[in-house]
Protein chains: 2
Amino acid sequence: MNLTAAEENYLKAIYHLSDGASKSVSTNDIAAEMKTKPASVSDMLRKLGEKGVINYRKYYGVNITPEGKKFALQTIRKHRLWEVFLVEKLNFAWDEVHEVAEELEHIQSPLLIQRLDAFLNYPKFDPHGDPIPDEFGDVKARPRVPISEMEIDQSGQIVAVKDSSAAFLRYMDKVGAYIGARVKILDKVEFDGSVEILVDQKKSIFMSKDVASNILAIQS
Amino acid sequence: MNLTAAEENYLKAIYHLSDGASKSVSTNDIAAEMKTKPASVSDMLRKLGEKGVINYRKYYGVNITPEGKKFALQTIRKHRLWEVFLVEKLNFAWDEVHEVAEELEHIQSPLLIQRLDAFLNYPKFDPHGDPIPDEFGDVKARPRVPISEMEIDQSGQIVAVKDSSAAFLRYMDKVGAYIGARVKILDKVEFDGSVEILVDQKKSIFMSKDVASNILAIQS
DNA sequence: AAATTAATTTAGATATAGCTAAAATAATAT
DNA sequence: ATATTATTTTAGCTATATCTAAATTAATTT
């Protein structure tokens with residue numbers, strides 16, 4: 001069974017909205033996520049239901065099925081592998097890759113993805129720090145902590161951002177923070193929760209609690 | 001102005017059928033090339049005519065316009081760059097790349113193609129020996145001669161095949177001939193036009209006139 | 001429990017890209 | 001010059017993926 005590009009996109013959105021579990025998701029939420037109208041969503045849910053990738057009870061939202069989860073994870077895998085390719089091989093900036101990857105992920109060729117994976121040396125995380133599912137849909141999870149929750153003198157590595165809006169990514173670039181950067185907490189201001197960190201053992205950055213809680217790290 | 005994937009494919013077919021010039025092309029020929037029905041072609045010709053990429057006079061076939069030629073060459077450029085990528089970076093065999101490149105060529109991102117071109121070191125020819133148009137649509141032409149028309153003791157390099165069917169490409173692989181191979185004509189049998197060639201100064205191959213006239217080389 | 005509001009679905013559009021069958025036009029043969 | 005054949009176009013239908021507007025269902029208030 002094959003899915004159209006539109007179906008793959010809906011399924012991916014449903015997977016994300018259900019937090020990777022089979023939590024129930026509403027028509028309106030899907031419409032917001034997909035930037036389309038609830039009426040269009042209803043139609044698509046009927047189709048996805050018929051294909052067995054979601055359980056659909058009219059008026060009661062949907063749950064993704066195990067089969068659907070498999071499809072969603074494959075699409076996510078393709079998306080993230082292309083992102084790695086764009087950043088590591090074609091020198092795209094990590095805030096420029098999303099739209100192109102959004103197109104590339106729908107290319108239908110298992111062989112292509114297999115070869116791409118090998119070419120990229122089987123990466124486990126994309127440029128945003130998100131894990132890349134393997135061909136069976138298994139993901140290597142990393143426990144992530146917002147920088148705001150780390151203690152003084154603790155070290156770690158930035159692996160993701162919660163808010164990946166262009167504005168926030170530009171901010172990151174500007175102050176010299178990036179996915180993969182080694183960080184160490186220099187100081188925390190108790191009054192407002194703001195934080196001072198050392199990046200790559202040389203550059204010190206001061207940030208508000210809001211910013212610090214948007215940046216996720218693995219501790220080391 | 002943007003073209004859909006289907007429109008790009010039609011335009012490419014029309015460009016090929018008119019031999020790169022603005023020769024007139026018939027509805028039936030386009031239908032055969034596109035493996036679709038003449039009725040569908042008529043419909044598409046109307047649309048392409050409205051977009052100004054072809055000149056369309058009902059019942060009299062079509063001519064590609066300079067604007068259309070530009071679009072066709074860009075699509076061909078994308079297709080051939082992806083083929084180079086698949087063969088050189090992802091280790092695809094050169095007879096496996098067409099279908100995937102057929103999908104990849106429709107990804108809409110000028111930046112992507114620019115970067116891909118640089119990553120591949122600005123290749124001028126694809127794995128089949130066909131020239132890759134530059135971003136302005138200019139192509140580096142190579143005068144090609146069928147091996148069957150070369151003289152005894154002449155040397156050259158295989159740059160393309162006329163018939164690029166999977167069957168023929170498999171034959172090429174089997175006997176050890178490939179695009180880029182250095183060849184020298186060892187013998188020609190006058191009676192049936194069959195030819196014996198030396199590949200890469202070591203392997204001798206004997207082939208019928210039919211095969212020899214399918215393999216194109218530049219002489220050196 | 002009925003009325004209001006919010007969420008969701010259905011009905012009826014549009015646009016793209018394909019199809020078949022019938023009609024129209026052009027080319028060829030008698 | 002007319003008839004036949006080949007080619008091409010039109011008309012009407014199918015499927016996908018959207019949309020708006022109207023109808024329906026569920027949830028919440030009073």
Side-chain angles (χ1 to χ4, degrees), chain A residues 1-15 17-18 23-64 68 71-72 75 99 102-103 105-108, chain B residues 1-15 17-18 23-64 68 71-72 75 99 102-103 105-108:
Chain A
M1 198 259 299
N2 262 333
L3 301 177
T4 65
E7 288 169 344
E8 281 187 348
N9 285 334
Y10 270 96
L11 205 52
K12 213 173 38 150
I14 293 167
Y15 177 79
L17 289 170
S18 46
K23 206 176 104 181
S24 221
V25 177
S26 81
T27 301
N28 264 356
D29 287 354
I30 298 169
E33 175 84 11
M34 296 288 299
K35 290 175 179 134
T36 179
K37 299 294 139 90
S40 311
V41 175
S42 284
D43 235 53
M44 183 54 87
L45 295 183
R46 189 183 42 71
K47 282 187 229 167
L48 291 176
E50 283 167 7
K51 291 203 169 187
V53 291
I54 58 170
N55 288 316
Y56 177 41
R57 265 185 61 217
K58 278 187 204 172
Y59 296 103
Y60 289 93
V62 296
N63 299 87
I64 199 163
F71 276 103
T75 306
E99 281 67 31
E102 205 63 24
E103 289 192 58
E105 74 185 11
H106 300 299
I107 305 286
Q108 300 286 0
Chain B
M1 201 260 296
N2 263 330
L3 301 176
T4 66
E7 288 169 344
E8 281 186 348
N9 285 335
Y10 271 95
L11 205 51
K12 216 173 36 152
I14 294 167
Y15 176 80
L17 289 170
S18 46
K23 205 176 107 181
S24 223
V25 177
S26 80
T27 301
N28 264 357
D29 287 354
I30 298 169
E33 175 84 11
M34 296 287 300
K35 288 172 178 134
T36 179
K37 298 294 139 93
S40 310
V41 175
S42 285
D43 236 52
M44 183 53 87
L45 294 184
R46 190 183 43 70
K47 282 186 228 167
L48 291 176
E50 283 166 8
K51 291 204 171 187
V53 292
I54 59 171
N55 287 317
Y56 177 41
R57 266 185 61 217
K58 278 185 202 172
Y59 295 103
Y60 288 94
V62 297
N63 300 86
I64 198 162
F71 276 103
T75 307
E99 281 66 32
E102 205 63 23
E103 288 193 58
E105 74 185 11
H106 301 299
I107 304 287
Q108 300 286 357

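Lettering of chains follows the sequences in order, A, B, ..., and the numbering in each one begins at 1. As a basis for the values below, the full set of heavy atoms in this structure was taken, side chains included, without hydrogen atoms, waters or symmetry mates.
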Nearest-Å distance, [atom1] ([X]) to [atom2] ([N])?
| X | N | atom1 | atom2 | value |
| --- | --- | --- | --- | --- |
| B:Arg46 | C:dA15 | CZ | C1' | 11 Å |
| A:Ile54 | C:dT8 | CD1 | P | 13 Å |
| A:Arg57 | C:dT9 | CZ | C1' | 15 Å |

Please enumerate all protein N or O atoms sitting under 3.5 Å from an N or O of nucleotides 17-20 of chain C, with distances to 0.1 Å.
| unit_1 | atom_1 | unit_2 | atom_2 | d |
| --- | --- | --- | --- | --- |
| C:dA17 | OP1 | B:Thr4 | OG1 | 2.4 |
| C:dA17 | OP2 | B:Lys47 | NZ | 3.2 |
| C:dG18 | OP2 | B:Tyr10 | OH | 3.4 |
| C:dC19 | OP1 | B:Thr36 | OG1 | 3.3 |
| C:dC19 | OP2 | B:Thr36 | OG1 | 2.5 |
| C:dC19 | OP2 | B:Lys37 | N | 3.3 |
| C:dC19 | OP2 | B:Ser40 | OG | 2.4 |

With respect to the side chain of B:Tyr59, which nucleotide from C:dT9, C:dA27, C:dA24 is positioned closest? C:dA24

Look at A:Glu50 together with A:Arg46 and state whether they make a salt bridge at an N to O cut-off of under 4.0 Å. yes

Within this structure, what is the [atom1]-[atom2] distance for the pair [X] and [Y], rounded to the nearest 0.5 Å?
| X | Y | atom1 | atom2 | result |
| --- | --- | --- | --- | --- |
| A:Thr4 | A:Asn9 | OG1 | CG | 8.5 Å |
| A:Tyr10 | A:Ile54 | OH | CD1 | 11.0 Å |
| B:Leu3 | B:Lys47 | CG | NZ | 11.5 Å |

[X] to [Y] - nearest heavy-atom pair and separation:
| X | Y | answer |
| --- | --- | --- |
| B:Asn28 | B:Pro38 | OD1-CG, 3.2 Å |
| B:Val25 | B:Ser18 | CG2-CB, 3.7 Å |
| B:Glu8 | B:Glu105 | OE1-O, 4.1 Å |

Start and end of the DNA chain D segment that chain B contacts, any atom under 4.0 Å from a heavy atom: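 For DNA chain D, the relevant span reads D:dT7 to D:dT10.
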
Quick one: list whatever passes salt bridge (Lys or Arg N to Asp or Glu O under 4.0 Å) with A:Lys51, sequence neighbours left out.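 A:Glu7.
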
Could you tell me whether B:Thr27 contacts a base, only the sugar-phosphate backbone, or nothing, with contacts defined as non-hydrogen atoms closer than 4.0 Å? sugar-phosphate

